[in-house]
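These notes are about the structure you will find just below.
Computed from a prediction, not measured in an experiment: that's the story for all the values here. Count residues from 1 along the sequence.
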Amino acid sequence: MDRDELLAELREKSGPEIEWDWIKPIDNDECNVPSKPMNRLLARLTSPTEHPEGLRVVKLFRLHGEFVAKLHKACRDPVLAPKHIDCREGLVEWVFSPEANLIPRSEWCAGLEETALVAILVKLVKNKSWNKDSQGHAWTKEVDLLGQAPVFRPGFPAVASKAANMLLPLRKVLLLCHPDIRSILFKAIMKGVLYCLKISMHSRV
């Protein structure tokens with residue numbers, strides 16, 4: 001495989017958000033790689049300051065030799081490419097496949113309850129409605145929460161209906177409820193669970 005052609009195709013498919021590199025095997029020896037680029041990778045993996053967040057290492061099946069043990073020591077969870085990958089086209093197709101699970105998906109599928117829950121939380125996060133307790137000041141009116149996107153979408157009445165039915169069970173679990181003197185209900189995310197929600201929602205994107 002030609003290194004420049006492979007990297008160009010990977011960048012074209014992923015866009016500029018993902019940085020790619022590939023250590024090409026030694027000519028006429030597909031089981032080993034040059035020592036200098038491999039040592040640079042190992043140094044990067046073991047450095048507490050240079051190891052970037054989200055760095056993933058893919059090991060081709062044919063790679064063997066002295067660097068394999070060092071690689072597994074520096075990177076405890078390298079992604080192992082399937083045995084049948086032996087060409088650029090096959091590697092690119094696999095890297096972007098759900099099986100490899102390397103590239104964050106731009107969309108995801110969910111059931112009715114999960115969709116309704118995410119719709120509620122996205123609306124509250126967008127409004128920055130989260131409080132430590134009922135004495136907080138960042139609230140969204142319940143009627144606005146249910147009546148505006150993304151909770152209510154034309155053509156998806158089941159999501160809006162499920163979201164409305166979920167509000168009461170979510171009280172004191174994920175959401176705070178605060179009625180004012182006019183008995184208008186306001187909703188906000190409990191600040192104590194906000195970080196976990198952000199991590200969970202980010203991992204699904």
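When all heavy atoms of Ala74 and Thr46 are compared, the closest pair comes out as CB-CG2, 3.6 Å. When all heavy atoms of Cys75 and Leu45 are compared, the closest pair comes out as CB-CD1, 3.9 Å. Residues Gln135 and His137 come closest through the heavy atom pair O-NE2, 3.9 Å. The two residues Leu80 and Trp94 have their closest heavy-atom pair at O-CZ2, 3.9 Å. Nearest heavy atom pair, residue Ala163 against residue Ile120, reads O-CD1, 3.6 Å.
Within the 4.5 Å cutoff, the side chain of Leu6 has no heavy atoms near those of the Trp20 side chain. Residues Leu71 and Met38 have side chains in contact (heavy-atom distance under 4.5 Å, counting atoms from C-beta outward). For the pair His72/Lys59, a side-chain contact is recorded, criterion being any heavy-atom separation below 4.5 Å from C-beta on. For the pair Lys36/Pro34, no side-chain contact is recorded, criterion being any heavy-atom separation below 4.5 Å from C-beta on. Within the 4.5 Å cutoff, no side-chain heavy atoms of Leu145 are placed close to those of Trp139. Annotation: side chain of Leu41 is not in contact with side chain of Asp21 (no heavy-atom distance under 4.5 Å). Under the 4.5 Å side-chain criterion, counting only non-hydrogen atoms from C-beta, Glu99 is in contact with Pro82.
The cluster map of Ile, Leu, Val, Met, Phe, Trp and Tyr, joined by side-chain heavy atoms under 4.5 Å apart, puts Ile18 and Val95 in the same cluster. Tracing side-chain contacts under 4.5 Å through hydrophobic residues (I, L, V, M, F, W, Y), one reaches Val33 starting from Val57; they form part of the same cluster. Hydrophobic clustering, with ILVMFWY side chains joined whenever heavy atoms are under 4.5 angstrom apart, groups Leu55 together with Leu63. Under the 4.5 Å side-chain heavy-atom criterion for Ile, Leu, Val, Met, Phe, Trp and Tyr, Val143 and Leu146 are members of distinct hydrophobic clusters.
The number of heavy atoms from other shown groups lying within 6.0 Å of CD (Glu93) does not exceed 12.
Taking the side-chain hydrogen bond (donor to acceptor under 3.5 Å, both in side chains) definition, one finds that Trp22 meets it with nothing, sequence neighbours left out.
Of the inter-residue distances, the one linking Leu60 atom CG with Lys83 atom NZ reads 14.5 Å to the nearest 0.5 angstrom. Considering CG of Asn131 and NZ of Lys191, their distance stands at 8.5 Å, rounded to 0.5 Å. Atoms CD and CG, on Glu113 and Asn165 in that order, are 10.0 Å from each other to the nearest 0.5 Å. Rounded to the nearest 0.5 Å, atoms CG (Leu168) and CG (Leu185) are 10.0 Å apart. For the atom pair Leu167 CG and Leu174 CG, the distance stands at 11.0 Å (nearest 0.5 Å). Here NZ of Lys24 is found 9.5 Å from CZ of Arg3. Values are rounded to the nearest 0.5 Å.
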- Task: Go through the steps to decide whether Cys177 and Phe186 satisfy the test side chain to side chain contact (heavy atoms under 4.5 Å, CB included), and finish with yes or no.
- Result: CA-CA 6 Å; Cys177 182; Phe186 291 80; over 6 Å; no
- Message: Assess the residue pair Lys128 and Trp130 against the criterion (side chain to side chain contact (heavy atoms under 4.5 Å, CB included)); give the C-alpha distance rounded to whole Å, side-chain angles, the decisive distance to 0.1 Å, and a yes or no.
- Response: CA-CA 6 Å; Lys128 298 183 179 180; Trp130 53 76; 4.0 Å; yes
- Evaluate side chain to side chain contact (heavy atoms under 4.5 Å, CB included) for Arg11 paired with Glu19, printing each intermediate quantity in order. CA-CA 8 Å; Arg11 293 183 186 117; Glu19 177 185 351; over 6 Å; no
- Item | Derivation of the side chain to side chain contact (heavy atoms under 4.5 Å, CB included) call for Leu170 and Leu117 | CA-CA 9 Å; Leu170 289 176; Leu117 175 60; 3.8 Å; yes
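Judged purely by atom type and a 3.5 angstrom limit, Asn127 has no side-chain atom pairing as donor or acceptor with the backbone of Ser129. Between the side chain of Asn39 and the main chain of Ser35, a donor-acceptor pair closer than 3.5 Å is present. Put simply, the side chain of Ser161 never gets that close to the backbone of Pro157: no donor and acceptor are under 3.5 Å apart. Checking side-chain atoms of Ser14 against main-chain N and O of Leu10 turns up a donor-acceptor pair under 3.5 Å.
The side chain to side chain contact (heavy atoms under 4.5 Å, CB included) test with Ile189 is passed by exactly one of Leu176, Thr140, Leu175: Leu175.
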